[in-house]
2 protein chains.
Amino acid sequence: MIRNKTTEYALTILGFMASRNEDMYSAEYLHKQLNIPRRYLRRLLTDLSKHGFLKSTSGRNGGFVFAKDLEEINLALVINTLEGYETLCTCILGFSCCIVDKPCIMHDTWMEARSKMFEVLSNTTLADLKEKYQMDLIKKL
Amino acid sequence: MIRNKTTEYALTILGFMASRNEDMYSAEYLHKQLNIPRRYLRRLLTDLSKHGFLKSTSGRNGGFVFAKDLEEINLALVINTLEGYETLCTCILGFSCCIVDKPCIMHDTWMEARSKMFEVLSNTTLADLKEKYQMDLIKKL
DNA sequence: AATAAATACTACAAAAAGGTAGTAATATAT
DNA sequence: ATATATTACTACCTTTTTGTAGTATTTATT
C-alpha cells in the first residue's frame with residue numbers, strides 16, 4: 001500500500017491525465033509535465049496499458065488515453081494492481097507470521113487501520129479527482 | 001508507513017516481547033521464536049535500543065528489555081521512528097510533487113486516508129496488544 | 001583465571017527496486 | 001518512399017534494502 005515509487009508515479013500520472021482534457025497524452029509530454037524519469041515513465045505507461053487502465057496508440061501522434069471510464073478507476077484498485085495483493089494467508093500489510101486461522105497479536109489493529117484507509121481510497125475515483133481539480137480552478141478565478 | 005520488512009520485524013519483535021512475561025529476551029531466543037534472520041535481528045535489536053525502545057544488557061544472561069512503559073509505545077511511533085518522517089514539505093505517503101501551499105490533486109484524499117490509519121495505529125499501544133493477547137489466552141481455556 | 005553466553009561493531013554479499021540505453025516496430029505527414 | 005514522432009522490447013547499470021560473516025567486547029558461572 002504505497003510501498004514504492006512506482007505506485008506513486010502511477011497515481012500521479014493517472015491523476016494528471018484525469019484532471020486535464022487533452023485527447024491524447026504522449027510519454028514525452030507527461031515526462032515534461034510530471035518530472036518522472038523518461039524511460040521509467042514509458043515502461044510504467046506500457047504497464048498501465050497492459051493492466052487495462054490505459055490504451056496506447058503507436059506511431060506519430062500516438063500516445064495514451066484511458067481505456068475505461070474515470071468512474072471505474074478508484075485509487076485502491078490502482079494501488080492493488082501495481083503492488084500485488086496477497087490476501088490469501090497473510091495480513092495484507094505484511095505480517096507474514098500471521099495466518100488466517102491463527103491471527104497474530106497485531107492482526108485486528110492492522111486490519112482496522114488498513115480498512116479505514118482502504119475505505120477512503122476505494123471510494124475515490126479518478127472522476128472525483130477530476131471534479132475536484134475543476135472546482136479548484138473555478139475557485140481561483 | 002510499513003514500506004519495508006525492517007518495520008514489520010520491529011513490530012513483530014516488540015509485539016512479541018510485550019505479550020509475554022519474561023524478564024529478559026535474548027536475540028537467540030527471539031530468533032527461534034520469530035524466525036527473523038539471526039544477524040539482521042541482532043542489528044535491529046541494537047537499533048531499537050538506540051532509539052530508546054529497548055535496553056540491552058551485555059554478557060552472559062544478557063538480552064533486551066523494554067526501556068519504557070508499554071503504555072508509552074504506540075504503533076505509529078515505532079513505524080515513524082524506523083521509516084523516517086518527512087512531514088515538512090511533502091505528502092506523507094509520498095507525493096513529492098505536492099508542496100504544502102500548492103497541494104496536488106490527491107492531497108486531500110491521501111491525508112484523509114492516512115490520518116484514519118494513523119489514528120488507529122497511534123491509539124494502539126503495546127500495552128493494548130499485551131492485554132489482547134492475555135484475553136485471547138483466557139478465552140481459549 | 002578460563003569458559004561460555006551474550007551484545008556491539010564493521011564490512012561485505014545478495015536481492016529488489018529504481019533508472020538508463022539501444023534498437024525495433026508502428027504509424028502519420030510530407 | 002522517406003523522415004519523423006511515437007510506443008515496445010530487452011538488457012543492463014545503480015541504489016537501496018535485506019541478509020551474512022568475522023571479530024571484538026562484556027559479564028556471569030565455574
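With a 4.5 Å cut-off between side-chain heavy atoms of Ile, Leu, Val, Met, Phe, Trp and Tyr, the cluster of Val65(B) takes in Met24(B).
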Would you mind writing out the side-chain donor-acceptor pairs for residues 72-79 of chain A within the sub-3.5 Å range, not counting sequence neighbours?
| from | atom 1 | to | atom 2 | distance (Å) |
| --- | --- | --- | --- | --- |
| Glu72(A) | OE2 | Asp69(A) | N | 3.4 |
| Asn74(A) | OD1 | Ala76(A) | N | 3.0 |
| Asn74(A) | OD1 | Leu77(A) | N | 2.8 |

Identify every side-chain donor-acceptor pair in residues 48-59 of chain B under 3.5 Å, counting partners at least two apart or on other chains, and give the distances.
| from | atom 1 | to | atom 2 | distance (Å) |
| --- | --- | --- | --- | --- |
| Ser49(B) | OG | Leu45(B) | O | 2.9 |
| His51(B) | ND1 | Asp47(B) | O | 3.2 |

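For the pair Phe64(B) CZ and dT27(D) C1', the interatomic distance rounds to 15 Å; values are reported in whole Å. Across the protein-nucleic acid pair, Glu28(B) atom CD and dA4(C) atom P stand 16 Å apart, rounded to whole Å. Rounded to whole angstrom, the span from the CG atom of Asn35(B) across to the C1' atom of dG19(D) amounts to 14 Å. Per the geometry, CG belonging to Leu41(B) stands 14 Å off C1' belonging to dT20(D), to the nearest Å. We find that CE of Met24(B) is positioned 12 Å from C1' of dA5(C), with the value rounded to whole Å. Rounded to an integer number of Å, the gap from CZ of Arg42(A) to C1' of dG22(C) is 12 Å. Look at NE2 on His31(A): it is 13 Å from P on dT6(D), rounded to the nearest Å. With rounding to whole Å, Tyr29(A) atom OH is found 19 Å from dT7(D) atom C1'.
The side chain to side chain donor-acceptor pair (under 3.5 Å) test applied to Arg20(B) returns Tyr133(B), not counting sequence neighbours. Residues satisfying the salt bridge (Lys or Arg N to Asp or Glu O under 4.0 Å) criterion with Arg38(A), sequence neighbours excluded, are Glu28(A). The side-chain contact (heavy atoms from CB on, under 4.5 Å) test applied to Asp23(A) returns no partner, not counting sequence neighbours. Residues passing the side-chain contact (heavy atoms from CB on, under 4.5 Å) test with Asn123(B), sequence neighbours excluded: Glu119(B). Under the side-chain contact (heavy atoms from CB on, under 4.5 Å) criterion, Thr6(B) pairs with Asn4(B), Tyr40(B), Leu44(B), not counting sequence neighbours. Remark: Asp128(A) engages Thr124(A), Thr125(A) in a side-chain contact (heavy atoms from CB on, under 4.5 Å) (not counting sequence neighbours).
Using a 4.5 Å heavy-atom threshold, the side chains of Pro37(B) and Tyr9(B) count as touching.
Nearest-nucleotide positions on DNA chain D place Ser26(A) closer to the 5' end than the other of Ile36(B) and Ser26(A).
Here Arg38(B) lies out of heavy-atom contact (under 4.0 Å) with every strand.
Between the side chain of Tyr25(A) and the backbone N or O of Met17(A), at least one donor-acceptor pair lies under 3.5 Å.
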Are there any protein N/O atoms within less than 3.5 Å of an N/O atom in nucleotides 28-30 of chain D, and if so, which ones and at what distance?
| from | atom 1 | to | atom 2 | distance (Å) |
| --- | --- | --- | --- | --- |
| dA28(D) | O3' | Asn61(B) | ND2 | 3.3 |

Pairwise N/O distances under 3.5 Å, protein to nucleotides 13-15 of chain C:
none

Indicate for each nucleotide in nucleotides 9-18 of chain D, in 5' to 3' sequence, whether protein heavy atoms under 4.0 Å reach the base (B), only the sugar-phosphate (S), or nothing (-). S-B-----SB
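Neither OP1 nor OP2 of dA27(C) sits under 4.0 Å from any side-chain N or O of Thr57(A).
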